[in-house]
Each structure stands twice: as structure tokens, then as C-alpha cells.
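The structure presented is a predicted model; accordingly, all values stated were derived computationally and were not measured.
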Amino acid sequence: MKTISVGFIGAGFSAHLHVEGLKQVHGVGIRLATVTATRPERAAAFAQAHGVAKTCASWQELLAEPGIDVVCLCVPNALHAPIAVAAAKAGKHVICEKPMTGAFGSAGGSAGPERARREREQALASVGEIERAVRENGVLFLYAENWVYAPAMAKTKRLLKQAKGAIIDIRAEESHSGSHALRSRRRETAGGGSLLMLGSHPIGAALHLKAYEGEIAGTGPIRATSVTAEVAALYDTDAVRRAGHSWLVSDWQDVETWANLVIGFSDGTKAVVTASFAALGGVRNTFEVYTTNAVYRGAMTPNDGLTAFTPDPAAFGTEYLHEKIESRTGWISVAPDEDWVRGYPQEMQDFVEAIAQAREPLSGLALASGVVEVIYAAYVSAEEGRRVDLDRN
């Protein structure tokens with residue numbers, strides 16, 4: 001297999017997850033070629049920390065490099081679509097963080113059903129633009145949905161295949177105390193709140209599981225057909241103002257921090273997804289799958305692979321414990337290898353093998369598109385107070 005040359009657009013949190021995963025790839029040669037970031041000093045620090053060969057001034061300059069095979073898009077959500085389209089046109093494969101795209105900028109008007117419908121149209125148009133660019137230029141869109149690759153999810157799929165039960169009910173959640181990224185505070189720059197930024201993961205997992213079920217059962221595609229949702233800006237409530245606590249991120253502007261939705265599937269089954277920026281206790285990544293002959297429960301984070309207790313907040317120094325925990329005292333779920341448990345190295349292994357073998361990845365264009373479709377239909381549902389049917393094939 002040829003050595004695959006990787007460029008990084010962005011040098012923040014997700015870029016570090018990508019590069020650490022790529023360092024663990026085996027069987028395929030990897031060259032960490034170039035990195036660019038809006039702040040040159042961050043790109044330089046990233047290159048030095050991870051052995052990236054060089055930095056460049058802009059993503060346009062990076063895409064012009066003929067030797068780069070694939071780019072990691074680790075940039076704000078609003079930049080995913082324009083850079084993905086440009087990368088595809090430059091002949092580069094695209095590893096894109098979630099969500100694939102959305103509706104960014106001002107949709108005009110105040111919050112309500114009309115704006116939600118316009119945002120849905122904008123998001124689906126953006127999806128279509130990416131799909132066309134990828135297909136017309138013969139590149140792969142590698143959707144960085146780590147839940148698909150988490151060991152708990154992979155084992156669940158193997159058990160499903162053996163047990164041959166039908167999935168009738170999926171329940172999944174991603175929640176934590178709130179994003180500290182300033183761009184996440186405003187709908188204009190973020191595209192949405194907890195539903196978009198957190199809900200992408202459990203929604204993607206539910207769509208993936210039902211598609212897999214159709215594949216192993218030989219029934220043909222099982223697809224999402226409807227969405228019913230409620231969202232809430234829990235920071236803007238009498239309860240929060242009365243309590244006056246500061247543990248939760250609170251300086252949101254116009255995005256939801258709680259969402260709950262029901263996805264209906266073409267075989268009559270359901271999935272319930274919860275996504276919240278108003279939950280203490282660290283990141284919660286959990287799923288339950290109820291079938292006609294078994295139940296599967298996955299706890300990626302927190303999990304009890306290792307727990308530790310201390311009354312001393314300084315006892316463990318700077319040693320990493322668990323993402324977004326508010327306290328380093330008491331009983332703590334300690335992550336021995338959080339990246340592996342959440343599927344990041346496995347994700348990158350599949351992506352580079354897909355590139356080397358010229359095949360589709362496990363998590364690709366179809367899943368990325370489906371997640372955006374569900375999310376923006378959910379926003380319409382929440383505003384209109386009704387179930388929304390998904391009529392986009």
C-alpha cells in the first residue's frame with residue numbers, strides 16, 4: 001500500500017484527536033505532511049508536538065499542495081462545507097468532523113417555524129453541494145463519527161448479527177455541562193445548539209444501527225422516515241436564575257441547550273435521542289438497544305473500567321481523568337484510554353484503509369447526510385409542535 005499523506009486544516013481539540021488516532025494506524029504508511037490554522041502559532045505548536053512536516057499560511061495553500069492525499073477538516077462547523085467542496089475539487093479525500101454541515105449565517109426573521117423551515121432548506125442545499133463535489137471528483141468523504149467505531153458499538157453489531165433479533169427501540173444520549181467554544185453560543189456561527197453539536201453522535205449511531213440491521217437481515221435499507229422533537233434553552237429559565245450556580249456554562253445567546261427527539265424508521269421502529277449542554281458529571285455517551293430477543297447497553301463515557309477516590313483535589317496533579325468533569329474529588333470514573341473507548345483510533349484506521357483500498361468507509365457520505373437531514377427536520381418539528389416526515393430520498 002502507498003503511504004498516505006495527510007494535511008490538517010485546524011489545530012484545535014479535534015485535530016489532536018485525529019492526529020493521535022493516525023499515529024496508531026497500522027498496515028498503511030502515514031505521512032503527517034502539513035498543518036494550517038488561523039493562528040500561525042497554533043499550527044507551529046501542533047506541528048512540533050506531533051511531528052508534522054511543515055505548516056502553511058492558509059487552507060487554500062494547503063489544498064494546492066499536490067502531494068496531499070487527504071485533509072482533516074478540524075474547523076468550525078460553518079467552514080465544513082466550503083472547505084470540503086474545495087478539497088474535493090482539488091482531488092483530496094475529506095475527513096470531516098461532525099456535523100457535516102448545517103445552516104449558518106442569518107436565516108432572517110425571529111425564531112419560529114418559518115425560520116426553521118428556511119434553515120432546513122439551507123442545510124439540505126449545503127448537503128447537496130458537498131455530495132455533488134465528492135461524487136463528481138471521485139474522492140471519499142470520510143465522516144468522523146466515532147460512535148460508529150467505538151468498541152461497545154462494534155461488539156453490539158457482532159452480537160446483533162448472531163442473535164438475529166429485530167431492533168425495535170434505540171435510546172441514546174450525549175450530554176455534558178456545556179461547550180466552552182465561543183462560536184457555540186450563537187446560532188449564526190454554530191448552526192444550532194446541543195441537538196446539532198451533541199445530538200449528531202447518537203443520531204448517527206441510531207441511523208447506522210438500523211442501516212446495518214437491514215443489511216444483515218436482507219430486508220433492504222431501513223431508513224429514518226419521521227422526526228418528532230422538543231428543544232429548550234434551559235439557561236433562560238426561572239429555575240436557573242433562581243439557583244444562581246455557576247457549574248453549568250451559562251453565557252449562551254440563542255441556541256438550545258437541551259433536546260429530545262423521536263426518530264421513526266421505515267420498519268415501524270423508534271429511536272429516542274437526548275442531547276444536553278445542561279448535565280453535570282462529565283461527558284455522557286450512552287446507548288441502549290432493545291431487540292426482540294436481547295438488550296444491549298453501551299457506556300462509552302463514563303464507564304467503570306477504572307474508578308478512583310480522593311478527598312484531595314490536588315492528589316492526581318495534571319494527570320488526565322475524564323473529559324469535562326467538574327471536580328477532581330470523590331469517586332471518579334477514570335478513563336484508562338478514552339480515545340480507544342470512544343473509537344477514535346479505529347475510525348482513523350478505517351479511513352486510511354478505505355483510501356488505500358479505494359473503498360467506502362464504514363462512516364461516510366450517506367450517514368453524514370442523513371444526520372443533517374434528521375437534525376434540521378427536528379428543528380422544524382420543535383418549532384411547529386408536530387411530527388415532521390422526511391421526504392428527501
Is the shortest side-chain heavy-atom distance between [X] and [Y] below 4.5 Å?
X: N77; Y: T101; value: no
X: S363; Y: H208; value: no
X: T292; Y: I168; value: yes
X: L390; Y: V374; value: yes
X: V255; Y: R185; value: no
X: F309; Y: T329; value: no
X: L207; Y: L209; value: no
X: V227; Y: V262; value: no

Cluster overlap [X] with [Y], hydrophobic side-chain contacts below 4.5 Å:
X: V249; Y: F277; value: yes
X: L140; Y: I130; value: yes
X: V19; Y: M348; value: yes
X: V148; Y: I95; value: yes
X: L62; Y: I83; value: yes

Test your reading of the model: is there a side-chain donor-acceptor pair from [X] to the backbone of [Y], 3.5 Å cut-off?
X: E347; Y: N146; answer: yes
X: N285; Y: E174; answer: no
X: Y344; Y: L22; answer: no
X: Q346; Y: W340; answer: yes
X: H80; Y: P99; answer: yes
X: R328; Y: G317; answer: yes
X: E119; Y: A103; answer: no
X: E288; Y: A172; answer: no
X: T257; Y: L234; answer: yes
X: S175; Y: S276; answer: yes

Is it the case that [X] and [Y] place a side-chain donor and acceptor less than 3.5 Å from each other?
X: S200; Y: E145; result: no
X: S226; Y: D389; result: no
X: E65; Y: T34; result: yes
X: Y149; Y: Q349; result: no
X: N293; Y: T291; result: yes

Check the surroundings of atom [atom1] in [X]: do more than 12 heavy atoms from other residues, nucleotides or ligands lie under 6.0 Å from it?
X: E230; atom1: CD; answer: no
X: R297; atom1: CZ; answer: no
X: R284; atom1: CZ; answer: no
X: E41; atom1: CD; answer: yes
X: R186; atom1: CZ; answer: yes
X: Q60; atom1: CD; answer: yes

Next on the checklist: Would L367 and M100 count as a side chain to side chain contact (heavy atoms under 4.5 Å, CB included) here? Give the steps.
Outcome noted: CA-CA 9 Å; L367 182 61; M100 173 196 204; over 6 Å; no
Checklist entry - In the hydrophobic clustering that connects Ile, Leu, Val, Met, Phe, Trp and Tyr at side-chain heavy-atom distances below 4.5 Å, which members other than L321 occupy its cluster, ordered by chain and number? => result L306, F316, I325, I332, V334
Checklist outcome for this item: For V295, the other hydrophobic cluster members (4.5 Å side-chain criterion, sorted by chain and number) are Y290
Next on the checklist: Does R342 form a salt bridge (charged side-chain N to carboxylate O under 4.0 Å, His left out) with E323? I'd like the steps, not just the answer.
Outcome noted: CA-CA 12 Å; R342 294 191 292 183; E323 186 183 355; 2.6 Å; yes
Grab the two heavy atoms, one from [X] and one from [Y], that are nearest each other, plus how far apart they are.
X: A87; Y: V94; result: CB-CG2, 3.7 Å
X: A37; Y: A11; result: CB-CB, 4.0 Å
X: M197; Y: G192; result: CE-O, 3.3 Å
X: V6; Y: C72; result: CG1-SG, 3.9 Å
X: V70; Y: I4; result: CG1-CG2, 3.9 Å
X: A275; Y: S194; result: O-OG, 3.2 Å

Item to check | Worked check of salt bridge (charged side-chain N to carboxylate O under 4.0 Å, His left out) between E383 and R115 | outcome: CA-CA 9 Å; E383 289 291 350; R115 189 181 76 174; 5.5 Å; no
Next on the checklist: If you take the centroid of each ring, where Trp contributes its six-membered ring, are F8 and H18 closer together than 6.0 Å?
Outcome noted: no
Checklist entry - With a 6.0 Å cut-off on ring centres, are H93 and F141 close enough? => result no
Checklist entry - Does the pair R117/E114 count as a salt bridge with the N-to-O cut at 4.0 Å? => result no
Checklist entry - With a 4.0 Å cut-off, would you call K23 and E20 a salt bridge? => result yes
Checklist entry - Can you list the steps and then say if E373 with R120 is a salt bridge (charged side-chain N to carboxylate O under 4.0 Å, His left out)? => result CA-CA 8 Å; E373 179 183 18; R120 185 187 185 191; 5.4 Å; no
Next on the checklist: For a side chain to side chain donor-acceptor pair (under 3.5 Å) check, start with the C-alpha distance between E131 and S369, then their side-chain angles and the critical distance, and finish with the verdict.
Outcome noted: CA-CA 8 Å; E131 289 175 337; S369 302; 2.7 Å; yes
Next on the checklist: Please verify the inter-ring angle class for H201 with W147; under 30° counts as parallel, over 60° as perpendicular, anything in between as tilted.
Outcome noted: parallel
Checklist entry - What do the steps show when you test K155 against Y296 for side chain to side chain contact (heavy atoms under 4.5 Å, CB included), and what is the final call? => result CA-CA 10 Å; K155 186 66 171 182; Y296 310 90; over 6 Å; no
Checklist entry - Do T269 and D267 pass the side chain to side chain donor-acceptor pair (under 3.5 Å) test, and can you show the C-alpha distance, the side-chain angles, and the key distance before you say yes or no? => result CA-CA 6 Å; T269 60; D267 63 352; 2.6 Å; yes
Next on the checklist: Let's go through R31 and S5 carefully: what are the C-alpha distance in whole Å and the side-chain angles of both, what is the deciding distance for side chain to side chain donor-acceptor pair (under 3.5 Å) to 0.1 Å, and is it a yes or a no?
Outcome noted: CA-CA 5 Å; R31 177 175 177 264; S5 185; 3.3 Å; yes
Next on the checklist: Using the rule side-chain contact (heavy atoms from CB on, under 4.5 Å), only one of T228, I375, V273, V272 pairs with L261; which is it?
Outcome noted: V273
Item to check | salt bridge (charged side-chain N to carboxylate O under 4.0 Å, His left out) between R359 and E353, worked out | outcome: CA-CA 8 Å; R359 64 163 174 82; E353 288 181 2; 3.6 Å; yes
